[in-house]
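A short worksheet on the structure shown next.
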Amino acid sequence: MQPFDYARVESAAAAIESAATPGAAFIAGGTDLMQLLKEGAAAPRHLVDINHLPCSEIVLGQDGLRLGALARMSDVADHPEVRQRFPAVAQALLASASPQVRNMASIGGNLLQRTRCTYFRDRAMPCNKRAPGTGCSALEGDNRLHAIFGTSEHCVATHPSDLAVALVALDASVLVQGRGGERRIPMTEFHRMPGDAPERDTVLEPGELIVAVLVPACIAAARSHYLKIRDRASFEFALVSVAAGLQIYRGRVQEVRLAAGGVGTRPWRLGGAEDVLRGKAASAESYRAAAERAVEGAHPLAMNGFKVELLRRAVRRALAGAGELA
Ligand SMILES: Cc1cc2nc3c(=O)[nH]c(=O)nc-3n(C[C@H](O)[C@H](O)[C@H](O)COP(=O)(O)OP(=O)(O)OC[C@H]3O[C@@H](n4cnc5c(N)ncnc54)[C@H](O)[C@@H]3O)c2cc1C
Ligand code: SF4
């Protein structure tokens, strides 16, 4: 492991200042970053410990939900009002990792965790995301768990966060602070597709700090559902997941929110499928039509063609789950 120095900061301003040091990285719960350090997939020279910043709030107002970047996954998942008004958020968190990891892991760190592509975490193998220009081992290698949307010839890795899928579906945004001030980034624009620069997962500038996540309140959010399908029942990342929210009035879909995980190089909003459903009867038939639209444009790799059918079925099931609440 490369040596690094460590600074504990007490304010956002001090964190941003400290992060201007070359080779700096923030550390929150450390549940991903420490693994990356040990695996040699990250080698920061200066760690900025942000755990003592006053950013752990979970605040519910009429407009919506504000989650401080340092709120712990378990605290958010267990919050009664989050469970009631944003069930997909609580369900996505509860379907993530293990109770021990959720007790440590923060909301900000969750959105910035790196991909679980095994080649990314294996220094012996070429990987454009870890070492730009070395190649992508997954293209001709084991790509069963990889993406079917948003891939490029440079990287086909999926984005791993469950929470991010729910947040993308619910039109959340990320509040960040940097040397240039504060800005608010819609979750649908926060994560990048790999293109020819897969080493950059998000649109964050170096040294920018996530301060909070904002989730607007709406009926579809209160009647949302998160479905995660994985190889084993717990402690496992998604093969395919779907966050669905529905507002139904007199049997017709007034509003719908849909996003998928485990299939895209970033959390994948299913806008076309939403368009198919809006204004239609809330029925198995229209859910099936939306599921057909959801898989349009998929580009499976040699080993992950099964994800197309799995996504189709997951969209139908997630919509049915949300429909029961509406
Ligand atoms: C065994 C295991 C299983 C898991 N399973 C799942 C799963 O099923 N689903 C899932 O979604 N996740 C899963 N995870 C991932 C886990 O949720 C993340 O490791 C965790 O959320 C990261 O949060 P953290 O606070 O520990 O981040 P850290 O490890 O501290 O940081 C992660 C990254 O975020 C950056 N960072 C942290 N906070 C900020 C901030 N406020 N502003 C700017 N940058 C910041 C750090 O610099 C680092 O790059 C699993 C993890 C483990 C270890
Ligand atoms: S899919 Fe991406 S992360 Fe995986 S080996 Fe290829 S470049 Fe690396």
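As the structure is a computational prediction, the values presented were derived from the model and not from experiment. Each ligand, and each atom within it, is numbered from 1 in the order the structure gives.
Across Leu70 and Ser106, no two heavy atoms sit closer than the pair CA-CB, 4.1 Å. When every heavy atom of Asn110 is checked against every heavy atom of Ser161, the shortest pair comes out as OD1-OG, 2.6 Å.
The nearest protein atom to atom 2 (Fe) of ligand 2, hydrogens excluded, is given as Cys155 SG, 2.4 Å; this is a heavy-atom distance. Atom 32 (C) of ligand 1 has as its closest protein heavy atom Gly109 O, 3.8 Å. Among all non-hydrogen protein atoms, the one lying nearest atom 34 (O) of ligand 1 is Leu112 CB, 3.3 Å. Cys136 SG, 2.3 Å is the protein heavy atom nearest to atom 6 (Fe) of ligand 2. Nearest non-hydrogen protein atom to atom 8 (Fe) of ligand 2 is Cys127 SG, 2.3 Å. Looking at atom 42 (N) of ligand 1, its nearest protein heavy atom turns out to be Ile210 N, 2.8 Å. Here the heavy atom of the protein found nearest to atom 47 (O) of ligand 1 is Phe26 O, 2.5 Å.
In this structure, His191 and His159 have tilted ring planes: the angle between them lies in the 30° to 60° band.
Proximity to Lys129 (heavy-atom distance under 4.0 Å) selects the following atoms of ligand 2: 3 (S), 7 (S).
When the options Gly178, Gly29, Ser161, Ser98 are ranked by their closest heavy atom to atom 24 (P) of ligand 1, first place goes to Gly29.
Residue-ligand proximity: Lys228 is placed with a non-hydrogen atom under 4.0 Å from ligand 1. Using 4.0 Å as the threshold, Met73 has a heavy atom nearer than that to some atom of ligand 1.
In summary, His146 places no N/O/S atom under 2.8 Å from atom 4 (Fe) of ligand 2, failing the contact criterion. Atom 6 (Fe) of ligand 2 has no N, O or S atom of Cys117 under 2.8 Å away, backbone or side chain.
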